[in-house]
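Contents: one structure, followed by commentary.
Here is the naming used below: chain letters follow the sequence lines, and residue numbers restart at 1 for every chain. Note that this is a predicted model, so its numbers are computed, not measured.
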Protein chains: 2
Amino acid sequence: MTDRDTPETTDSAAARAFSAHDHEACAGEVLARAEAVSAARGARLTPVRRRALEILLEAHRAMGAYEVLDRLSAEGFGKQPPVAYRALDFLVEQGLAHRIARLNAFTACVHPGEAHSAAFLICRACHAVAEAEADPVRVALEAAAGAVGFQVERATVEALGLCPSCREAAAA
Amino acid sequence: MTDRDTPETTDSAAARAFSAHDHEACAGEVLARAEAVSAARGARLTPVRRRALEILLEAHRAMGAYEVLDRLSAEGFGKQPPVAYRALDFLVEQGLAHRIARLNAFTACVHPGEAHSAAFLICRACHAVAEAEADPVRVALEAAAGAVGFQVERATVEALGLCPSCREAAAA
DNA sequence: CCTCGCACGTTATAGAATAACATATCTTGA
DNA sequence: TCAAGATATGTTATTCTATAACGTGCGAGG
Ligand SMILES: [Zn+2]
Ligand SMILES: [Zn+2]
Ligand SMILES: [Zn+2]
Ligand SMILES: [Zn+2]
């Protein structure tokens, strides 16, 4: 698998979170990418960190730090909060995971290594979290900010609502 | 003072947070509007709630619930967290204040009563918080969401960066 | 081999938010 | 006017989230 191909992967990433798909393969690909990115960068994806990422990758949703901690400690890693927070902070710094401010929780990045400003779509019914393409959103935000002389460095864009399946279910 | 005039107030609201202005008058106007909106709606802006709003209106920044609580309790109101959280929750429900997810904090709405989707511009240096016009941002976000069948109900849009003054100071 | 840097683990504490219950006040209709 | 219900305020206790501070082990470079 080469490095900078299959842009199709990126384009469909958001949609996949809301539809049935071979998630085992999905998670496997992301993990492989994350490893490649880490290696290329000299960042050490140690056992706890890697396991934390795998846990986040189990589903397209966000997990609280303590939820991750419970999983890690059940597998022989440390039992105290800093264990989880350090692993998660590493993943966020490396762009392998994102923090969802609204939820005080974390979710695996679905296309690590690619520069992207993300917007998160959070289903209030099934709690699925999708990472949508946010470049146009970012542009609009920077325009609004620029109009008052504000320089945007980091943006938090999170939408709460209904995913396609839950929307359909609600309509029924 | 009539109700639906001076659209100029709205337009300059975001900019004001980042520039010198007669803030006493600024806060007074917002408070008056908040009272009018509450009255029109039959919502009870009781003493604690009103005082909480006044405290938030003291500056264009966000305050944590416990910071508000300290101020309230020093003035004879209750000393326990629910006192602050309940007042703040009321203000948020009524659209008189907003919660800033990134900061776990609250800020007064600068144009209560007017329907608006807000984006917040948070200066990482002086901690000023401005409420910018976010309709174009909202449109872009809904487009991105719609592309994958997601229906946006509420959006959190927060930018971290430098306000004009701090940007200038940093460049020096 | 030494040691410096980094990761990992711990204990302890800080910070943010809510559950559950008691009391008071306001509203409303008999 | 007064009883009943709804709303608001206050309390105690607990839960959830996050970080500070410190000690230990290990691997790379001298
Ligand atoms: Zn998947
Ligand atoms: Zn859903
Ligand atoms: Zn002002
Ligand atoms: Zn500033």
side-chain contact (heavy atoms from CB on, under 4.5 Å) partners of A:Arg86, counting only residues at least two apart: A:Pro82
Contacts satisfying ring pair (Phe, Tyr, Trp, His ring centres under 6.0 Å) that involve residues 31-61 of chain A (not counting sequence neighbours) are A:His21-A:His60, A:His23-A:His60
How do B:Arg44 and B:Tyr85 order along DNA chain C: which one's closest nucleotide is nearer the 5' end? B:Tyr85
Rounded to the nearest 0.5 Å, how far apart are OG1 of A:Thr156 and CZ of A:Arg102? 11.5 Å
List, by chain and then residue number, the residues other than B:Val139 in its hydrophobic cluster (Ile/Leu/Val/Met/Phe/Trp/Tyr, side-chain heavy atoms under 4.5 Å); write none if there are no others. none
Summary of ring pair (Phe, Tyr, Trp, His ring centres under 6.0 Å) pairs that have at least one residue in residues 120-145 of chain B, sequence neighbours excluded: B:His98-B:Phe120
With sequence neighbours left out, which residue pairs that include part of residues 25-59 of chain B fulfil the ring pair (Phe, Tyr, Trp, His ring centres under 6.0 Å) condition? none
What residues 92-106 of chain B contributes to the DNA chain D interface at heavy-atom separation below 4.0 Å is none
DNA chain D: B:Pro81 or B:Thr46, which has the more 5' nearest nucleotide? B:Thr46
B:Phe77: partners by ring pair (Phe, Tyr, Trp, His ring centres under 6.0 Å), with sequence neighbours left out: none
Salt bridge (charged side-chain N to carboxylate O under 4.0 Å, His left out) contacts in which one or both residues fall within residues 140-156 of chain B, not counting sequence neighbours: A:Arg124-B:Glu153, B:Arg138-B:Glu142
With DNA chain D as reference, determine whether B:Phe90 or A:Arg86 sits nearer its 5' end, using the nearest nucleotide of each. B:Phe90
Which pairs, with at least one residue in residues 66-76 of chain B and sequence neighbours excluded, count as a salt bridge (charged side-chain N to carboxylate O under 4.0 Å, His left out)? B:Arg51-B:Glu75, B:Glu58-B:Arg71, B:Arg61-B:Glu67
Start and end of the DNA chain C segment that chain B contacts, any atom under 4.0 Å from a heavy atom: C:dA16 to C:dC26
Could you give the start and end, 5' to 3', of the contact zone on DNA chain D for chain B, using atoms under 4.0 Å from its heavy atoms? D:dT7 to D:dT12
Considering only distance and modelled atom types, tabulate donor-acceptor pairs under 3.5 Å from the side chains of residues 36-47 of chain B, sequence neighbours left out.
{"residue": "B:Ser38", "atom": "OG", "partner": "B:Ala34", "partner atom": "O", "Å": "3.0"}
{"residue": "B:Arg41", "atom": "NH1", "partner": "B:Gln94", "partner atom": "O", "Å": "2.8"}
{"residue": "B:Arg41", "atom": "NH1", "partner": "B:Gln94", "partner atom": "OE1", "Å": "2.9"}

